[in-house]
Amino acid sequence: FKRHHFVLSHPLSVGALEVTVSLADAMRPAEVVTTDESGDDEESGHPFAGLGRNLPAPDNPQGMCMYGCCGAIVIVVLSLFLSSFQGLHATKFALTRNAATGVVNFGSTYHGGRNFIGFWNNYLEFPADLQSIEWLDGTPPYNKPTRDLSPMQVRTSDGLMVKLGLVTQYQINKEHLSDIYRTFKLDIEGYFISNLRSQIQETIAQFRATELYENRIMLADSLMKMCQDVCKADLKGYLTCWRIDLLEVGLDQKIEDANIREQVEKQKQKTEMMIQQASLIRAESEVIEADYARLITVVDGNATAQAYSLTQEAVANALNAEQLARAEALAIIQSKVTSGTLKMTTAQQLQYLEKLTLIENPGGGMVYGDFNSASVFMPKSEL
C-alpha cells in the first residue's frame, strides 16, 4: 500500500472533543490521495488538516473497517460513561471500592440516589434505617430488617436462671462509615450483639428474679443506659441505641408456681391490712361523729337556755310594763276624775272601773277589787 494520511494515528489523549471533530470530518466524502515515498502532502499545519482528503473512501474495505472501529469505540466509551452512574437504595449508606484493585475510597460516603462513582467502582453498603435485633421465640411477624435470635438465658442476683425476650433497635451513624469499615468491615452488628449480650447479663445479674416484673420501670431505665453505654464506649459512637425493651420473662415452672403462691399470700396480707385500715378509719370517723354530736348537744342546750332566759325576761318585762301602764292609768284617772279638789278614794275608783267596764264590754268577764282582795264577774255563758 502507498502511504495514506489518517488522523486517528495521533494519540487518544487529544480529548473527546477532538475525536468528535475527527469523526465528523471523517463522514465527509473524501478522496484517496496517493503520494510516492518521497512526496509530502500539503497540510495547513493543524493536526486534523486534510482529514477529508486523506481518509480512505467508504467503499474501500479498509475505510469500512475503520468506520466500524470508530463507532464501536464511541459505543464502548458511552456505555462506560453511563455505567459510571450507579444507583443506591434510599435506605442504604455506602462507601466505594475499586473492583479491580479492591482499594476502598474512604473520602466520600453516599446515602441513596444515583451517584457518579465510575464503572470501575462498586458500593460497600450499610443499612441507613433502624435495625432490630430480637431475642424471641418464633420469627418476626413483619417484613423489616430484623436479626432473629433465640431468647437469652441469664442468671439473676438470687441465682435463678431466667429466659428473657428482648428487642433492641439501633442505627448506624453515617459520619463514622469509614471507621466502621476499617475496624469491623461489614459485620459491625455481630460485634454489637456480642458486647450487648455480655452487658445484658451483667445488668440482669444486679436484679432479683421477682424484680424483673415488679420493678419494670427501673429495669427498663437500666437496660437503656447500658445499651447507650455499649454504643458510646465499646463501639466508640459508631452506632446509636434507639431503644431496648424487655418483653418476656420466663422462669422454671416450679419457680413460677412458688411465685404465684407468694403473690397470692402477699395479696391476702394487703387485703387484711386494707381491712384493718378501713376499721381504723371507721372508728376514727365514729369518734369524730360522737364529738360533733356532743358539740351539737352543748350548743343546742346553750341555745335553749339562752332562748328561755330571753323569753322569760321578755315576759317579765311585758308584765312589768303592763303593771306600770295600769298604775299610770289609775293615777291618771285619780288625778283627772275629781270632785273639786277632792280625789276619788280607792273604793270609788273600783266602782268607776266596774261601771266603765260594764259600759265598754257588757258581755265580758271582769275582775275588780282593791289591792288586797278582788272579785270576779263573769257572764253565765262562761261559767
Side-chain angles (χ1 to χ4, degrees), residues 132 134-138 141 151-169 199-229 241-323:
S132 298
E134 294 187 354
W135 286 274
L136 297 173
D137 290 323
M152 193 179 301
Q153 300 285 340
V154 297
R155 192 174 296 277
T156 61
S157 62
D158 47 2
L160 298 178
M161 186 66 70
V162 296
K163 183 174 71 172
L164 301 181
L166 299 102
V167 175
T168 304
Q169 290 183 314
Q199 292 299 321
I200 289 175
Q201 291 176 348
E202 292 181 6
T203 302
I204 298 301
Q206 301 174 5
F207 293 87
R208 293 183 293 105
T210 54
E211 291 179 335
L212 298 181
Y213 48 84
E214 290 179 348
N215 298 329
R216 294 298 293 269
I217 297 178
M218 182 175 66
L219 177 61
D221 294 339
S222 299
L223 290 175
M224 187 63 189
K225 183 178 182 303
M226 175 273 303
C227 183
Q228 292 174 348
D229 292 341
C241 181
W242 195 70
R243 67 182 298 172
I244 179 170
D245 295 320
L246 177 61
L247 303 182
E248 298 177 358
V249 178
L251 299 172
D252 185 79
Q253 189 59 42
K254 295 181 180 179
I255 300 176
E256 289 281 3
D257 295 339
N259 288 336
I260 292 174
R261 290 193 297 270
E262 180 183 0
Q263 293 299 320
V264 171
E265 292 298 326
K266 288 183 178 180
Q267 189 66 34
K268 290 181 178 179
Q269 293 176 4
K270 290 182 180 179
T271 303
E272 293 297 328
M273 291 179 61
M274 292 177 67
I275 292 174
Q276 292 179 2
Q277 291 178 357
S279 299
L280 291 176
I281 294 173
R282 189 179 296 108
E284 292 176 356
S285 300
E286 292 176 354
V287 170
I288 295 172
E289 183 181 2
D291 189 23
Y292 276 106
R294 179 184 61 80
L295 293 176
I296 291 173
T297 302
V298 172
V299 172
D300 192 15
N302 291 333
T304 302
Q306 292 179 3
Y308 181 77
S309 177
L310 292 174
T311 302
Q312 294 300 317
E313 183 180 1
V315 171
N317 291 333
L319 291 176
N320 185 34
E322 183 180 0
Q323 294 297 332

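Just so you know, residue 1 is the first one in the sequence shown, and it goes up from there.
Remark: the backbone N or O of Glu211 is not paired with any side-chain donor or acceptor of Asn215 at under 3.5 angstrom. Here the side chain of Arg216 pairs a donor or acceptor atom with the backbone of Leu246 at under 3.5 angstrom. Under the 3.5 Å distance criterion, the side-chain polar atoms of Asp300 are left unmatched by any main-chain donor or acceptor of Ile296. For Thr203 (side chain) and Gln199 (main-chain N/O), a donor-acceptor pair under 3.5 Å exists by modelled atom type.
With rounding to the nearest 0.5 Å, the separation of CD1 in Ile281 from CE in Met274 is 9.5 Å. Atoms OH and OG1, on Tyr308 and Thr311 in that order, are 9.0 Å from each other to the nearest 0.5 Å. To the nearest 0.5 angstrom, Met224 atom CE is 9.0 Å from Trp242 atom CH2. Distance CD/Gln206 to CE/Met218: 10.0 Å, rounded to 0.5 Å. Here the straight-line distance linking atom CD of Gln169 with atom CD of Glu134 works out to 8.5 Å at 0.5 Å rounding. Distance check: Met161 CE to Ile255 CD1 gives 10.0 Å after rounding to the nearest 0.5 Å.
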Please test Gln263 against Glu214 for side chain to side chain contact (heavy atoms under 4.5 Å, CB included), starting from the C-alpha separation and ending with a verdict.
CA-CA 11 Å; Gln263 293 299 320; Glu214 290 179 348; 3.2 Å; yes

The test is side chain to side chain contact (heavy atoms under 4.5 Å, CB included); show your working for Leu219 and Tyr213 and say whether it passes.
CA-CA 9 Å; Leu219 177 61; Tyr213 48 84; over 6 Å; no

Let's go through Ile244 and Ile200 carefully: what are the C-alpha distance in whole Å and the side-chain angles of both, what is the deciding distance for side chain to side chain contact (heavy atoms under 4.5 Å, CB included) to 0.1 Å, and is it a yes or a no?
CA-CA 11 Å; Ile244 179 170; Ile200 289 175; 4.2 Å; yes

Could you walk me through whether Glu272 and Lys268 pass the salt bridge (charged side-chain N to carboxylate O under 4.0 Å, His left out) test, one step at a time?
CA-CA 6 Å; Glu272 293 297 328; Lys268 290 181 178 179; over 6 Å; no

Trace of the side chain to side chain contact (heavy atoms under 4.5 Å, CB included) decision for Trp135 with Thr168
CA-CA 9 Å; Trp135 286 274; Thr168 304; 3.6 Å; yes

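The pair Lys163-Asp137 meets the salt-bridge criterion, since a charged nitrogen lies less than 4.0 angstrom from a carboxylate oxygen. Salt-bridge formation is detected for the pair Asp291/Arg294: a Lys NZ or Arg NE/NH1/NH2 atom is positioned less than 4.0 Å from an Asp or Glu carboxylate oxygen. A salt bridge is absent between Arg282 and Glu286; no separation between the charged side-chain nitrogens and carboxylate oxygens falls under 4.0 Å.
Residues Glu248 and Leu136 have side chains in contact (heavy-atom distance under 4.5 Å, counting atoms from C-beta outward). Under the 4.5 Å side-chain criterion, counting only non-hydrogen atoms from C-beta, Thr156 is not in contact with Phe207.
Residues that satisfy the side-chain hydrogen bond (donor to acceptor under 3.5 Å, both in side chains) test with Asp229, not counting sequence neighbours, are Lys225.
Within 6.0 Å of the CD1 atom in Ile217, the count of heavy atoms belonging to other residues, nucleotides or ligands does not exceed 12. Under a cut-off of 6.0 angstrom, the local environment of CZ in Arg243 is sparse, with at most 12 non-hydrogen atoms contributed by other residues, nucleotides or ligands. Heavy atoms of other residues, nucleotides or ligands lying less than 6.0 angstrom from CD of Gln312 number more than 12.
The side-chain hydrogen bond (donor to acceptor under 3.5 Å, both in side chains) test with Asp257 singles out one residue from Gln253, Lys254, Arg261, and that residue is Gln253. The side chain to side chain contact (heavy atoms under 4.5 Å, CB included) test with Ile204 singles out one residue from Val249, Leu164, Leu166, and that residue is Leu164.
Here the closest heavy-atom approach between residue Ser157 and residue Ala205 is recorded as CB-O, 3.1 Å.
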